[in-house]
Amino acid sequence: MSEEDLYLGLDLSTQQLKAIVLDQNLQRTHEASVIFDTDLPEFRTHGGVVQDKSNLNVVTAPTLLWVKALDILMDRLLVAGMDFAKIASISGTAQQHGSVYWLKNAENTLKTLNPDQFLHIQLNGAFSIQNSPIWMDSSTSQECEILEKAVGGPENLAEITGSKAYERFTGAQIAKIYRNKPESYHNTERISLISSFLCSLFLGKIAPIDISDGSGMNLLDIKSKRWHQKLLEETAPNLKEKLGDVVSSYTILGDVSSYFVDRWCFRTDCKVVAFTGDNPASLIGMRLSPEWLAVSLGTSDTIFLWLNEPKVLLEGHVFCNPLDDEAYMALLCFKNGSLTRERIRDSCANGSWDLFNQLLESTPRGNFGNMGLFYDRKEIIPFVSGDFCYNKRGEKVTKFSSLEVQVRALIEGQFIAKRAHVEDIGFKFNSETKILATGGASKNKAILQVLSDVFNSPVYILDTSNAAVLGSGYQAKYALYKKEKCFKEVTENLPEPKLLCSPFQDVEEIYIPMVEKYRKIIDVINYANC
Ligand code: XUL
């Protein structure tokens with residue numbers, strides 16, 4: 001290993017393929033990206049996907065688009081001055097759950113690629129299904145029912161695989177392909193996740209699926225880290241052979257293929273490390289450890305946390321941890337994030353965040369006992385929609401007495417709900433707990449102060465706009481050094497998160513009762529919806 005060594009990280013997300021090159025200190029030296037809609041218009045994607053006009057629930061992406069994007073990306077890195085011979089290792093990440101179907105003999109094609117030709121020309125005929133189902137697909141409710149039934153219900157499936165059955169998860173998607181296109185399924189040599197598919201292109205053979213992305217399939221037993229026999233059988237025949245073995249996410253799979261050595265001048269001993277899903281890679285990119293709770297405030301709000309033991313989550317996901325085989329990670333998604341905040345900003349503050357913040361800061365913690373829950377779209381946790389406003393006497397009202405109260409009710413309500421659900425999955429708050437705020441709204445200090453108060457924990461920020469691709473770059477280096485150093489040591493030169501807000505002294509007295517009040521409100525709403 002030399003001081004000159006560089007690490008290549010890739011991220012195949014829904015709308016683009018990105019690459020980042022990091023030096024020994026994990027500082028970026030080069031980056032490039034390919035935007036699917038505009039750089040590859042011939043595939044006619046919108047937002048990187050194709051929605052079936054006759055059934056809007058069917059959402060796919062052309063597999064060859066991703067291959068062609070890699071051809072272009074490599075070229076862009078070269079034009080940016082990249083010397084590929086300096087790369088010591090490669091890892092990557094991709095949108096989760098989507099699947100790629102390799103036609104019989106595809107592995108042979110991968111092993112014998114001609115370096116004088118583009119990948120997309122040579123892999124044109126390598127797929128038995130041309131359009132890969134992706135995470136935005138929701139057309140498999142029938143298959144989900146079958147998987148849950150096979151193991152005695154959603155709770156059992158969540159206990160085995162980390163999640164109840166979800167339509168976008170790969171098991172249900174494979175089952176649908178087998179049912180609708182049995183010929184194509186039988187002609188399939190191997191099935192990859194999008195992450196392991198991208199890895200296969202670098203490896204020159206079909207790469208194994210890693211346990212962390214593999215946890216997004218409803219097929220893997222997350223405790224034994226093996227495929228669950230009964231679930232495989234219920235999904236499709238001979239599935240075990242088509243999926244291959246799973247590996248730890250930091251596994252070095254081998255040297256880069258001769259195609260990359262001959263075409264792009266990679267060195268022959270450049271290592272390819274397993275690729276994983278974008279959420280596990282983000283956990284790496286944020287350098288999360290057990291005392292941290294990452295709260296991403298975006299279009300949807302997401303909470304990431306490190307778990308030392310698996311939990312049974314009916315509303316959320318548990319994945320094997322990409323850094324530590326003994327640990328797990330949890331992911332909770334809340335659909336009503338920024339869009340709901342923007343709606344209330346527009347109605348109360350004329351679209352101005354400054355005014356919104358002034359209104360928020362002019363009301364006291366606890367909002368005089370008023371409480372509001374706002375769900376523009378049907379929420380995931382809890383499964384409800386509509387606006388729910390309760391005054392200080394606990395009476396349901398159509399709206400609050402002032403704009404200030406309305407604004408605070410929204411922000412407190414969003415974070416109180418998150419605290420309740422994080423507690424429900426067994427996360428224990430203590431004096432060590434720290435919150436890492438990310439996403440668009442993490443620039444808003446007034447909102448983050450409420451987050452800090454409701455969770456009674458300090459809130460830090462870190463530039464994590466590229467957490468997934470950075471995470472794959474960190475993983476590329478970590479895998480090489482794993483025998484001598486822990487992850488913390490490998491990433492020790494990176495800047496620490498910056499403390500932005502600390503909780504006020506009185507917050508537990510105010511918010512513990514409000515969390516209880518929230519639970520009661522949700523029970524009443526759920527009861528009324530039954
Ligand atoms: C997670 C999920 C999405 C995709 C998108 O379960 O479906 O976050 O990974 O990139």
Side-chain angles (χ1 to χ4, degrees), residues 12-17 35-66 68-69 94-101 127-148 154 163-185 188 191 193-194 197 216-218 235-236 277-279 298-302 315-317 331 333-340 342-343 374-386 529:
L12 198 173
S13 68
T14 314
Q15 307 200 20
Q16 60 179 310
L17 175 64
I35 314 278
F36 302 144
D37 291 1
T38 47
D39 287 324
L40 290 156
E42 64 272 32
F43 288 94
R44 296 172 191 277
T45 54
H46 292 278
V49 311
V50 178
Q51 192 168 23
D52 189 333
K53 287 198 183 66
S54 59
N55 180 356
L56 297 181
N57 294 330
V58 176
V59 186
T60 58
T63 314
L64 205 63
L65 157 78
W66 298 329
K68 202 166 177 183
Q95 48 175 301
Q96 292 201 257
H97 317 300
S99 41
V100 169
Y101 299 79
F127 305 106
S128 51
I129 300 282
Q130 306 306 314
N131 287 338
S132 289
I134 64 150
W135 67 280
M136 292 162 97
D137 184 282
S138 56
S139 65
T140 62
S141 29
Q142 242 177 301
E143 288 76 12
C144 284
E145 261 179 51
I146 296 172
L147 283 179
E148 287 185 345
S163 302
K164 68 180 189 192
Y166 283 92
E167 291 172 312
R168 67 188 193 285
F169 274 43
T170 329
Q173 294 293 341
I174 296 172
K176 184 183 140 193
I177 285 192
Y178 169 61
R179 195 164 54 87
N180 290 352
K181 298 180 179 157
E183 277 283 300
S184 307
Y185 179 81
T188 300
I191 300 174
L193 288 179
I194 303 175
F197 146 78
M217 301 173 77
N218 280 140
T235 304
D278 54 2
N279 291 300
T299 311
S300 309
D301 291 345
T302 313
E315 311 298 347
H317 311 296
L331 189 69
C333 289
F334 301 85
K335 251 194 215 162
N336 293 278
S338 289
L339 295 182
T340 310
E342 283 162 18
R343 188 217 349 150
F374 301 88
Y375 304 110
D376 292 14
R377 295 188 294 154
K378 190 130 196 172
E379 187 48 84
I380 303 172
I381 326 175
F383 196 52
V384 293
S385 59
N529 286 347

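Note that the structure is predicted; figures quoted are calculated from it, not measured.
- Atom CZ of Phe43 and atom OG1 of Thr63 lie 9.5 Å apart (nearest 0.5 Å).
- Taking Pro382 as the reference, Tyr375, Glu379, Val384, His421, Tyr518, Ile522 meet the side-chain contact (heavy atoms from CB on, under 4.5 Å) condition, with sequence neighbours excluded.
- Rounded to the nearest 0.5 angstrom, Thr188 OG1 and Tyr178 OH are separated by 12.0 Å.
- Annotation: the span from Lys181 atom NZ to Ser128 atom OG amounts to 9.5 Å, rounded to 0.5 Å.
- Note that the CG atom of Leu65 and the CG atom of Asp39 stand 10.0 Å from one another [nearest 0.5 Å].
- When all heavy atoms of Phe169 and Met217 are compared, the pair lying nearest together is CD2-N, 3.7 Å.
- No more than 12 heavy-atom neighbours from other residues, nucleotides or ligands sit within 6.0 angstrom of CD on Glu145.
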**Pair Val58-Asp137, side-chain contact (heavy atoms from CB on, under 4.5 Å): steps then yes or no** = CA-CA 5 Å; Val58 176; Asp137 184 282; 3.9 Å; yes
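- Checked against Ile194 for a side chain to side chain contact (heavy atoms under 4.5 Å, CB included), the options Thr170, Thr14, Asp278, Ile134 give a single hit: Ile134.
- Ring planes of Phe197 and Trp66: tilted class, angle from 30 to 60°.
- Here the CD atom belonging to Gln173 is positioned 10.5 Å from the OG atom belonging to Ser132, to the nearest 0.5 angstrom.
- For Thr235, there are no side chain to side chain donor-acceptor pair (under 3.5 Å) partners two or more places apart in sequence or in a different chain.
- Partners of Thr45 according to the side chain to side chain donor-acceptor pair (under 3.5 Å) rule, which considers only residues two or more places apart in sequence or in another chain, are Asp37.
- Here the closest non-hydrogen pair linking Ala236 and Ile174 is CB-CG2, 4.3 Å.
- The local environment of CD in Glu42 is crowded, with over 12 non-hydrogen atoms from other residues, nucleotides or ligands closer than 6.0 Å.
- Taking the six-membered ring for Trp and the full ring otherwise, the centers of Tyr166 and His97 sit at least 6.0 Å from each other.
- One finds the CG atom of Asp376 at 10.5 Å from the CD atom of Glu342 (value rounded to the nearest 0.5 Å).
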